[in-house]
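As the structure lists them, so they are numbered: ligands from 1, and atoms in each ligand from 1. If you read the sequence from its start, that first residue is 1, and numbering goes on from there.
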Amino acid sequence: MRSLPCRLESCCCLLLLFSSGVQGAPGAPSAAPEQVHLSYPGEPGSMTVTWTTWVPARSEVQFGLQLSGPLPLRAQGTFSTFVDGGVLRRKLYMHRVTLRGLLPGAEYVYRCGSAQGWSRRFRFRALKNGVHWSPRLAVFGDLGADNPKALPRLRRETQQGMYDAVLHVGDFAYDMDQDNARVGDRFMRLIEPVAASLPYMTCPGNHEERYNFSNYKARFSMPGDNEGLWYSWDLGPAHIISFSTEVYFFLHYGRHLVERQFRWLESDLQKANKNRVARPWIITMGHRPMYCSNADLDDCKRHESKVRKGLRGKLYGLEDLFYKYGVDLQLWAHEHSYERLWPIYNYQVFNGSLELPYTNPRGPVHIITGSAGCEELLTPFAVFPRPWSAVRVKEYGYTRLHILNGSHMHIQQVSDDQDGKIVDDFWVVRPLLGRRMYL
Ligand SMILES: *[C@@H]1O[C@H](CO)[C@@H](O)[C@H](O)[C@H]1NC(C)=O
Ligand SMILES: *[C@@H]1O[C@H](CO)[C@@H](O)[C@H](O)[C@H]1NC(C)=O
Ligand SMILES: *[C@@H]1O[C@H](CO)[C@@H](O)[C@H](O)[C@H]1NC(C)=O
């Protein structure tokens, strides 16, 4: 008598473990997909689905336009085996499938997996094509698996269809490699309600450094062939460039990376400028800022920060490069706060005019948005702001970027501490022509 409930119980447990497959727990390797997320591979009409399983399995996505019923379309992909660098050498199977020929702006339903196990159904909207539409982005950095303050609101707004894409400006999970990469697993599950419905575009931050950024490279699927360290893509009237500031700091992984990335940035900026009449905005995202006015000893506090002036104050600095090619907006994170700068070049403020500083700005605009929430809490500011600092907010939150058309961009900062209140709101306006040069 006594043994029966007991046996039933363990039987149930096993069944639960096998059918949910959520944990990747020892003894229950599962082919059920988890950590599902999207990215845009850069080719119009396409979307890449990435997920993880604990045993090798086929990689298929079934999708369709009907909200319920069968999913008539199929796409196949492949998986790669990721071995984490921790002592357990945990193995993750990373599946990647790219959907092509999607109808611009259409809403799709999909599930991913194989006959050995399917994900639940998710929804996403295919990106529109061409330059004549108005993309909306959620932008933030420094989001952890613990204290992820911005996530509930981002999740709601994603389900309400408020965004076309997410830019996560480095620093994930704190850290993805921790606890034999289990923190990475937990983080990827946490962002799934956002990232399985919107292209979740990334750049590496300092918290991704372990084992030569291997968790970052393995878990995300960014465009191009540089493992997501640097790449660019087009979104409506904007060209968006993502790069690694970390190549300037972790030189033991290869000094050559600084030069390779710099050369790539220059040629990408040249190409973008040839196309500037059609696609006027150039936006960059990189983790560590060139300038900041926080109360810490970070690189951005140094007069000659590495990102701004390069190695030894002269090699491969990015401020001159971005100024030369007329970059409009530079998005940063790393500081756990929000800061907006007046248009700036070489410590000089280049307002369009005193009344309308961001209308025809004569230098790039910088935004630091690293307060999405993590275990390290917020970063305080130095008592006295610098003359180039326009707005500083030490609250959890994230940034909304609405690219209305080729001449108008609307930027808002959302505060999670103040229940979604907009705590900064401004427009960047540049004429359609003559964009390259700051005069
Ligand atoms: C680190 O990764 C980069 C690119 O992913 C590679 O070029 C470099 O050689 C690696 N460095 C080491 C020390 O493995
Ligand atoms: C730039 O514009 C802002 C807002 O009008 C103003 O406070 C600031 O002093 C201006 N800076 C310069 C250098 O003109
Ligand atoms: C761009 O958008 C702004 C703000 O909505 C609008 O005032 C302006 O007329 C638009 N420009 C063009 C060329 O559509």
Is the side chain of [X] donor-acceptor paired with the backbone N or O of [Y] at a distance under 3.5 Å, no angle test?
X      : Y      : result
Trp281 : Asn405 : yes
Lys217 : Asn212 : yes
Arg125 : Ala106 : no
Ser119 : Cys112 : yes
Glu208 : Phe172 : yes

- For Trp427 and ligand 3, does the shortest N/O to N/O distance drop below 3.5 Å? no
Problem - Sub-3.5 Å N/O-N/O distance, Glu355 and ligand 2 - result: no
Please indicate whether any nitrogen or oxygen in Pro357 is less than 3.5 Å from any nitrogen or oxygen in ligand 2.
no
> Quick one: which ligand 3 atoms are inside 4.0 Å of a heavy atom on Leu404?
Replying inline: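 Heavy-atom distances to Leu404 below 4.0 Å select 5 (O).
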Atoms of ligand 2 under 4.0 Å from any heavy atom of Val349, numbered from 1 in the order shown, are 11 (N), 12 (C), 13 (C)
Which protein non-hydrogen atom lies closest to atom 7 (O) of ligand 3, naming both residue and atom, and how far is it?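 Nearest neighbour among protein heavy atoms for atom 7 (O) of ligand 3, to 0.1 Å: His408 NE2, 4.2 Å.
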Practice prompt. Do me a favour and list the nearest non-hydrogen protein atom to atom 8 (C) of ligand 1 with residue, atom name and distance?
Written response: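 Residue, atom and distance for the closest contact: Tyr253 O, 3.5 Å.
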Suppose I only count heavy atoms of [X] and a 4.0 Å limit; which atoms of ligand 1 are within that range?
X      : value
Glu227 : 4 (C), 5 (O)
Asn212 : 1 (C), 2 (O), 3 (C), 8 (C), 10 (C), 11 (N), 12 (C), 14 (O)
His256 : 7 (O)

Parallel, tilted or perpendicular, as decided by the 30° and 60° cut-offs, for the rings of His168 and Phe187:
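Perpendicular, since the angle between the ring planes exceeds 60°.
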| query | Taking heavy atoms and a distance under 4.0 Å, where does Asn226 meet ligand 1: side chain, backbone, both or neither? | reply |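 Neither; no heavy atom under 4.0 Å.
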message: Can you confirm whether Lys91 is buried at NZ, in the sense that more than 12 heavy atoms of other residues, nucleotides or ligands lie under 6.0 Å from that atom?
response: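 It does not: Lys91 NZ has 12 such atoms or fewer within range.
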Practice item. Taking atom CZ of Arg155 as the centre, report whether more than 12 heavy atoms of other residues, nucleotides or ligands fall under 6.0 Å from it. Key: yes
Within-cut-off N or O pair, Lys217 and ligand 1, under 3.5 Å =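 Yes - when backbone and side-chain N and O of Lys217 are compared with those of ligand 1, one distance drops under 3.5 Å.
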A student comparing Asn405, Ile403, Val429 should find that the heavy atom closest to atom 6 (C) of ligand 3 comes from Asn405
